[in-house]
There are 2 protein chains.
Amino acid sequence: MCQDVGNHHKGSCRCAGMQMGRFMQPCLLLLLHRQSTHGYELMQNLEEFGFASSEIDPGTIYRHLRKMEEEGLVRSRWDTEQGGPAKRLYEITAEGEEILHAWAVTITFNKQRLERFLEKYQSQFQKTIKK
Amino acid sequence: MCQDVGNHHKGSCRCAGMQMGRFMQPCLLLLLHRQSTHGYELMQNLEEFGFASSEIDPGTIYRHLRKMEEEGLVRSRWDTEQGGPAKRLYEITAEGEEILHAWAVTITFNKQRLERFLEKYQSQFQKTIKK
DNA sequence: CCCCCATATATGTAAAATGCCTATATAGAA
DNA sequence: TTCTATATAGGCATTTTACATATATGGGGG
């Protein structure tokens with residue numbers, strides 16, 4: 001998937017794939033670049049990226065965050081100062097920002113892919129419908 | 001993923017997900033709607049949809065085709081008349097065409113998602129870069 | 001004739017991702 | 001007290017993915 005741009009490729013490439021599941025990662029990174037915050041709030045803010053509340057599973061969000069932390073894209077610390085259950089505050093790392101830029105390239109490429117598909121689809125079916 | 005349009009939803013929904021792997025399916029269906037043919041040729045024609053030859057794995061193509069046949073989206077028969085190894089000729093079914101239309105809706109939706117992301121990305125980083 | 005190559009289809013398998021469910025804890029409101 | 005919202009986390013069955021390998025046909029070169 002990883003459009004062979006740059007030097008990161010299939011298999012182990014972290015911006016590889018274009019599952020909408022993985023698409024959650026760049027969204028989280030973009031939100032964190034905007035402002036450091038915790039998982040629960042990120043979860044709510046994901047809706048602005050077109051994620052339906054039904055498809056936002058807390059388990060999935062937290063797993064993405066922990067995984068990104070393992071990979072060094074984000075960093076976290078506990079915040080117990082504000083009452084209520086403890087929050088794990090996340091912030092993006094320099095490496096995370098780098099990957100975010102790589103994602104932007106991948107996403108641009110994939111957007112074009114979808115556009116190309118839709119063009120072909122439309123021209124193929126307008127013909128059929130006319131006849 | 002399955003944008004909650006219409007009545008097909010998560011989990012068992014066949015147009016769910018937006019992995020580029022799954023994106024191969026609507027591409028195959030569109031090619032087959034254009035012309036019935038066999039897997040090996042489909043594999044080569046996938047390049048026009050932006051699949052790099054490196055990421056086109058024969059095993060994956062054939063498995064997609066068999067899976068779509070199980071689901072009733074395509075139908076196949078052996079062609080041994082033309083010399084060389086036997087070919088499995090595929091054609092799209094009525095149900096397959098239906099699903100192709102559903103895919104077009106999903107893909108339109110996801111394209112918009114990617115666009116929205118890129119807009120946000122650009123506006124966020126133009127600011128940062130300026131400063 | 002034999003070997004290599006392009007054509008053509010298919011399976012095995014380990015690793016990763018996904019969806020869905022459940023567990024845990026805090027604290028305010030009813 | 002009980003219910004609800006906030007907040008994080010783990011279990012687990014199924015699906016997907018990447019990659020490697022197996023099998024067969026037939027043409028061309030040596």
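Sequence lines set the chain letters: A, B, ... in the order given, protein chains first and strands last, and positions in each chain run from 1.
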>> Please determine whether a side-chain nitrogen of the Lys or Arg among B:Lys120 and A:Glu48 lies less than 4.0 Å from a carboxylate oxygen of the Asp or Glu.
In response: yes
Please tabulate, one pair per line, each protein N/O and nucleotide N/O from nucleotides 12-16 of chain C that are separated by under 3.5 Å, including the distance.
{"from": "C:dG12", "atom 1": "O6", "to": "B:Arg63", "atom 2": "NH1", "distance (Å)": "3.4"}
{"from": "C:dG12", "atom 1": "O6", "to": "B:Arg63", "atom 2": "NH2", "distance (Å)": "2.4"}

>> If I take atom CZ in residue A:Phe23 and atom C1' in nucleotide C:dA17, what distance separates them, rounded to the nearest angstrom?
In response: 17 Å
>> Please tell me whether A:Arg75 and A:Thr93 have a donor and an acceptor in their side chains that are separated by less than 3.5 angstrom.
In response: no
>> Without decimals, in angstroms, what is the distance between B:Ile56 CD1 and D:dT17 P?
In response: 14 Å
> Between B:Glu70 and B:Arg66, is there a salt bridge with N-O shorter than 4.0 Å?
Replying inline: no
> Could you state the CD-P distance from A:Gln82 to D:dT8, rounded to the nearest angstrom?
Replying inline: 11 Å
> Taking the six-membered ring for Trp, are A:Phe49 and B:Phe117 parallel (under 30°), tilted (30 to 60°) or perpendicular (over 60°)?
Replying inline: tilted
>> Between C1' on C:dA17 and CE on A:Met68, what's the gap in Å once rounded to a whole number?
In response: 15 Å
> For the pair made of CG in A:Asp79 and P in C:dT26, what is the distance, rounded to whole Å?
Replying inline: 15 Å
Using atom names, set out every protein N or O paired with an N or O of nucleotides 6-9 of chain C below 3.5 Å, distance rounded to 0.1 Å.
{"from": "C:dT7", "atom 1": "OP2", "to": "B:Tyr40", "atom 2": "OH", "distance (Å)": "3.1"}
{"from": "C:dA8", "atom 1": "OP1", "to": "B:Lys87", "atom 2": "NZ", "distance (Å)": "3.0"}
{"from": "C:dT9", "atom 1": "OP1", "to": "B:Arg88", "atom 2": "N", "distance (Å)": "2.6"}
{"from": "C:dT9", "atom 1": "OP1", "to": "B:Arg88", "atom 2": "O", "distance (Å)": "3.4"}
{"from": "C:dT9", "atom 1": "OP2", "to": "B:Gly39", "atom 2": "N", "distance (Å)": "3.3"}
{"from": "C:dT9", "atom 1": "OP2", "to": "B:Tyr40", "atom 2": "N", "distance (Å)": "2.7"}
{"from": "C:dT9", "atom 1": "OP2", "to": "B:Tyr62", "atom 2": "OH", "distance (Å)": "2.9"}

> Roughly, in whole Å, what's the span from CD1 in A:Ile61 to P in D:dG10?
Replying inline: 16 Å
>> If you define the side chain from C-beta out and look only at heavy atoms, does anything of B:Val74 sit under 4.5 Å from B:Leu28?
In response: no
> Which whole-number value in Å describes the distance from B:Glu70 CD to C:dA10 C1'?
Replying inline: 14 Å
> Run the side-chain contact (heavy atoms from CB on, under 4.5 Å) check on A:Phe125 and B:Leu30 step by step: do they pass?
Replying inline: CA-CA 10 Å; A:Phe125 276 95; B:Leu30 194 58; 4.0 Å; yes
>> Can you tell me if A:Gln35 has over 12 outside heavy atoms packed within less than 6.0 Å of its CD?
In response: no
> For the side-chain hydrogen bond (donor to acceptor under 3.5 Å, both in side chains) test, which of A:Lys87, A:Arg88, A:Glu91 pairs with A:Ser76?
Replying inline: A:Arg88
